[in-house]
Amino acid sequence: MANNVDALFIFLLVVSGLMTLLIFTMVIYFAVRYRRQPGRRAEQIDGSHALEITWSIIPFCVFMTFFMWGALIYFKERTPPSDSAEVYTVAKQWMWKFEHMEGQREINELHVPAGRNVKMIMTSQDVIHSFFVPAFRVKQDVLPGRYTVAWFHATKPGTYHLFCAEYCGTMHSGMIGSVVVMEPKDYETWMSGGGNQPLASTGEKLFSELGCVTCHRTDTQGRGPNLVGVFGKPVMLEDGRTVTADENYVRESILQPEAKIVKGFKPVMPTFQGQISDEQLNALVAYVKSLSQQPTGQTGNVAAASPQP
Ligand code: CUA
């Protein structure tokens, strides 16, 4: 990703530089060549289709190259690969809180394996922040009340700067941290320490503690929809719309259950707004997600973190 962004940037720089050089050279050349001379009169030219078409088509192609190249990078950057390791992130004044699928929690420091796609699922507890890792060419605003997503594929082990790139109050400049990229082996060792509970298990426990399980049963008898296999699929709503069950949909359905009622169900679910923390919400989302994964689920499985060829 960083290579793509850099290549495009250098291309823009080179094209702009060449154009500037060309324009300056022509200005000087014409100023000298057509300077006022006694007895010389300008020759009148009445348009040239060939010339006009040429100077329209060439810039058009150049600008379309910028646009297409930029768009391709943008689409790639906005689409996290499905085999990504996932990290839930909660930003607040003034720190970054990370939670891995395996349950490890970190503050202002994020450990990731080299050679693996990593997807950040981020939300804010207060104001707008922005997740910025210059070395990875990744910057994404982090908003309260919803998830935003970013992803990267670190190739070289090392420690990289993490910044908050959105002014968020007095200590904004202190809202910094580091991303530690480790060799996959070292990462596995690091990950296996601590005896943490996977995020989805924490979510499962919450799911029964909060009573969700009494309505969202795994058969068709519940008062709420059966959630097995729902994540990532289209959902038919009572008002005729169809939405995709992504992280934001699950989040909204927990906090504002009446916002999108699934076809065939009544709006009977109470809201959990203000009753659970962002971390608990993340755990519930991770649990609902885990209900849709194959037994060999790629995400949240350290054993799958083998280096890519
Ligand atoms: Cu958070 Cu600036």
Side-chain angles (χ1 to χ4, degrees), residues 1-2 5-6 9 70 73-74 76-80 84-113 116-154 156 158-182 187 190 196 199 202-203 246-252 254-256 272-286 289:
M1 184 69 70
V5 175
D6 289 1
F9 183 73
I73 292 180
Y74 180 79
K76 196 176 166 207
E77 196 170 291
R78 299 308 309 163
T79 321
S84 303
E86 297 182 338
V87 179
Y88 283 85
T89 305
V90 179
K92 61 174 271 195
Q93 290 168 319
W94 287 277
M95 64 173 79
W96 296 99
K97 297 189 282 186
F98 301 109
E99 190 162 15
H100 297 259
M101 294 306 292
E102 294 79 4
Q104 268 83 355
R105 290 160 183 268
E106 307 187 70
I107 286 180
N108 290 345
E109 200 166 63
L110 171 64
H111 288 76
V112 295
R116 177 122 196 251
N117 299 324
V118 178
K119 175 180 175 187
M120 310 294 297
I121 303 169
M122 308 183 287
T123 187
S124 166
Q125 232 168 283
D126 36 48
V127 299
I128 301 177
H129 303 274
S130 185
F131 178 84
F132 182 31
V133 186
F136 303 162
R137 311 293 188 270
V138 165
K139 191 198 267 177
Q140 172 61 52
D141 277 8
V142 181
L143 312 174
R146 74 166 88 161
Y147 289 119
T148 52
V149 162
W151 76 276
F152 56 84
H153 181 107
K156 221 167 82 189
T159 304
Y160 302 92
H161 286 296
L162 160 66
F163 297 106
C164 175
E166 184 75 54
Y167 182 68
C168 55
T170 323
M171 290 291 291
H172 157 69
S173 63
M175 191 169 163
I176 52 176
S178 45
V179 179
V180 182
V181 178
M182 306 172 92
Y187 178 74
W190 178 84
N196 292 287
L199 197 54
T202 310
D246 57 8
E247 286 98 352
N248 272 317
Y249 168 79
V250 177
R251 182 192 171 94
E252 183 187 55
I254 295 169
L255 299 180
Q256 292 157 270
F272 287 87
Q273 185 91 53
Q275 299 178 40
I276 53 176
S277 67
D278 278 296
E279 280 83 359
Q280 289 175 315
L281 196 50
N282 289 344
L284 284 171
V285 172
K289 230 169 169 175

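Numbering of ligands and ligand atoms starts at 1, following listing order.
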**OP:** List for me each residue that meets ring-ring contact (aromatic ring centres under 6.0 Å, His included) alongside F152, sequence neighbours excluded, and say none if there are none.
**Re:** F136
Subject >> Residue pair K119 / P80: nearest heavy atoms and the distance that separates them >> reply: CD-CB, 3.8 Å
Original post:
Can you check whether V142 reaches T89 side chain to side chain, under 4.5 Å on heavy atoms?
Top reply: no
Original post:
Taking the side chain from Q280 and the backbone from S277, do they hold a donor-acceptor pair closer than 3.5 Å?
Top reply: yes
Original post:
Among V118, T159, V133, which one satisfies side-chain contact (heavy atoms from CB on, under 4.5 Å) with V179?
Top reply: V133
Original post:
Between OG of S124 and CD of Q93, what distance do you get to the nearest 0.5 Å?
Top reply: 8.0 Å
Original post:
Which residues and atoms, protein N, O or S only, are under 2.8 Å from atom 2 (Cu) of ligand 1?
Top reply: C164 SG, E166 O, C168 SG, H172 ND1
